[in-house]
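Could you have a look at this structure, given as structure tokens, before my questions?
Reckoned from all heavy atoms, side chains included, excluding hydrogens, waters and symmetry mates. One-based numbering, in listed order, for ligands and for the atoms of each.
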Amino acid sequence: MLIRRPTDIPASEITPRELYLNRRQMMAGAAGLVLAAGSAKGIMAAPLSAAKSPLSATDEKLTSLEDVTHYNNYYEFGVDKTAPAAHAHTLKTSPWTVKVDGLVAKPAEYAVEDLIKNSALEERIYRMRCVEGWSMVIPWVGFPLADLIKRVEPQGSAKYVAFETVYRPPEMPGQQSAFPVLEWPYVEGLRLDEAMHPLTILAVGLYGETLPNQNGAPIRLVVPWKYGFKGIKSITRISFVEKQPATSWNLQAPDEYGFYANVNPDVDHPRWSQKTERRIGEGGLFVKRRPTLPFNGYGEQVAQLYSGMDLRKFY
Ligand SMILES: Nc1nc2c(c(=O)[nH]1)N[C@H]1C(S)=C(S)[C@@H](COP(=O)(O)O)O[C@H]1N2
Ligand SMILES: [Mo]
């Protein structure tokens, strides 16, 4: 893991990912062949420099890199937890652009390398809770979504932010299915104040390196007080809109998955309880499920966003 504060790093040392990889391949000599093969498959990871954030949940044991990268949900590559690790290498993540449009004064199209270069990257260790009942602790590398939002200057009429994953059936086998589980592309959304909250980040890496494809390379959303499905992967478009946008899981089963999807032990999923969770990696017969906390334990920071709202109605 390579984690240094941005101020420690001379500008000459910060190179775009491609340059970095080429240089590393040249220096690696014979081993370069192996790296090049990995690079061609789109599975190369490159180190990222990031400052440790005080907003991390530091007291909890990290989920292993193996589990974080081999127990995934990414339906574009299949519905099994192991499918994304097996198949996501087919997605070409470079070059990659993120289009930012809608109700903003300065719409823009960013190359992901530029977003990475021009952002103050932080390591954020977050508890993550999936609606299916499991949880992990993941050291993300990313930057506050608010930083990007401020750059494009939302208009007063912008009330929500809508996100879109790429639609690329040739690279995403799940998008080729005649009976898809979800409508494509995968879409998600946040209220503008949720999107602006300091805990909300766009992640570009984990465990000190660029994101593996199965975790949403090259850029994905992370909102730690909401169920995992809000964390849309491989984002290609971010739009500022006036009305609450459609979201993939809500379209699929509106009575099971709401727009807000705040982690809430008191509101059961129609088919199962949300009171407890299984921490991935805690094996063994007698390992107890952990109690699930309101807002996944981030209530002190985020509960005020929802004051006066009936969280049974707005689930
Ligand atoms: N585009 C896209 N984004 C997605 C998903 C998906 O199927 N497609 N699954 C979601 C769900 S249900 C979860 S729990 C998280 C899992 O993220 P992880 O595999 O990095 O832990 O990604 C979310 N983002
Ligand atoms: Mo999930």
Side-chain angles (χ1 to χ4, degrees), residues 45 62-88 90-91 93 96 98 124-142 162-169 171-175 177 180-190 200-207 209-238 246-253 256-258 261-263 269 271-272 274 277-281 292 296:
L62 299 183
T63 303
S64 73
L65 177 61
E66 176 68 17
D67 282 338
V68 170
T69 57
H70 290 80
Y71 193 88
N72 301 103
N73 273 335
Y74 198 165
Y75 277 45
E76 286 86 336
F77 299 103
V79 298
D80 294 337
K81 299 286 174 279
T82 52
H87 304 303
T90 55
L91 179 65
T93 60
W96 192 280
V98 179
R124 291 279 184 94
I125 300 168
Y126 279 161
R127 282 182 297 278
M128 305 301 298
R129 171 60 157 83
C130 175
V131 73
E132 292 169 75
W134 42 271
S135 63
M136 298 192 191
V137 181
I138 302 181
W140 299 108
V141 176
F163 305 84
E164 221 175 276
T165 296
V166 280
Y167 179 67
R168 289 191 197 163
E171 297 174 30
M172 296 176 137
Q175 292 181 338
S177 165
V181 192
L182 298 171
E183 284 177 38
W184 311 115
Y186 196 99
V187 287
E188 255 306 333
L190 293 172
T200 303
I201 60 169
L202 286 173
V204 294
L206 57 81
Y207 268 104
E209 302 203 329
T210 50
L211 281 177
N213 279 13
Q214 59 265 40
N215 294 93
I219 187 162
R220 59 89 56 86
L221 182 69
V222 176
V223 193
W225 72 93
K226 293 179 179 282
Y227 291 119
F229 66 84
K230 297 297 286 185
I232 180 172
K233 296 176 170 181
S234 307
I235 296 168
T236 190
R237 186 174 174 200
I238 301 176
T247 61
S248 282
W249 283 98
N250 181 253
L251 288 171
Q252 201 266 349
E256 299 188 14
Y257 312 104
N262 293 318
V263 175
H269 182 279
R271 291 183 279 134
W272 57 78
Q274 292 291 17
E277 66 201 51
R278 180 171 66 93
R279 181 63 54 85
I280 298 298
T292 287
N296 201 25

Of the protein's non-hydrogen atoms, which lies at the shortest distance from atom 24 (N) of ligand 1, and what is that distance? G231 O, 2.8 Å
What's the spacing between E164 CD and I238 CD1 if we round to 0.5 Å? 11.0 Å
Does K81 come within less than 4.0 Å of E132, counting only side-chain N to carboxylate O?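 Yes, charged N to carboxylate O under 4.0 Å.
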In terms of residue, atom name and distance, what is the protein heavy atom nearest to atom 21 (O) of ligand 1? N72 ND2, 4.1 Å
Minimum-distance protein heavy atom relative to atom 7 (O) of ligand 1: Y75 N, 2.7 Å
Looking at CD of E66 and CD1 of I280, how far apart are the two atoms once the value is rounded to the nearest 0.5 Å?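 Separation between the atoms: 12.5 Å.
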Donor-acceptor pair, distance only, cut-off 3.5 Å: does the side chain of S234 make one with the backbone of A217?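 Yes.
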Atom 22 (O) of ligand 1: the protein heavy-atom neighbour that sits closest, reported with distance to 0.1 Å: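 Checked against all protein heavy atoms, atom 22 (O) of ligand 1 sits closest to K233 CE, 3.3 Å.
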Is the F77 ring parallel, tilted or perpendicular to the Y74 ring (thresholds 30°, 60°)?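 Perpendicular.
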Give, for atom CH2 of W140 and atom CD1 of I201, the distance between the pair rounded to the nearest 0.5 Å. 7.5 Å
Kindly indicate, with the supporting measurements, whether the criterion side-chain contact (heavy atoms from CB on, under 4.5 Å) is fulfilled by Y227 and R129. CA-CA 6 Å; Y227 291 119; R129 171 60 157 83; 3.7 Å; yes
Between E76 and ligand 1, is there a nitrogen or oxygen pair with a distance under 3.5 Å? yes
Looking only at distances, please establish whether an N/O atom of ligand 1 is found under 3.5 Å from an N/O atom of R220. yes
Of all heavy-atom pairs linking K233 and G216, the shortest is CB-CA, 3.4 Å
Atoms in ligand 1 flagged as close to C130, the criterion being non-hydrogen separation under 4.0 Å: 14 (S)
Report yes if some N/O of M136 lies less than 3.5 Å from some N/O of ligand 1; otherwise report no. no
List every atom of ligand 1 that sits less than 4.0 Å from any heavy atom of T165, numbering the atoms from 1 in the order shown and giving each element.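 The atoms of ligand 1 under 4.0 Å from a heavy atom of T165 are 1 (N).
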Do you know which two heavy atoms are closest between W184 and G174, and how far apart they sit? NE1-O, 3.4 Å
Which residue holds the protein heavy atom closest to atom 9 (N) of ligand 1, what is that atom called, and what is the gap in Å?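 Sorting protein heavy atoms by distance from atom 9 (N) of ligand 1 puts N73 O, 3.3 Å first.
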Backbone or side chain, does any N or O of Y71 fall under 3.5 Å from an N or O of ligand 1? no
Protein residue, atom and distance nearest to atom 15 (C) of ligand 1, heavy-atom basis: G228 O, 3.5 Å
Report, in ascending order of atom number, the atoms of ligand 1 lying under 4.0 Å from any heavy atom of N215.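 Those of ligand 1 that fall under 4.0 Å from N215 are 18 (P), 20 (O).
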Under the 3.5 angstrom rule, does the side chain of W249 hit a backbone N or O of L182 as a donor-acceptor pair?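 Not a single qualifying donor-acceptor pair exists.
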Measure F229 to ligand 1 on non-hydrogen atoms and call it side chain, backbone, both or neither using the 4.0 Å cut-off.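 It is both parts that get close, each with some atom under 4.0 Å.
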Closest to atom 4 (C) of ligand 1 (heavy atoms only, candidates Y257, Y186, Y74) is Y186
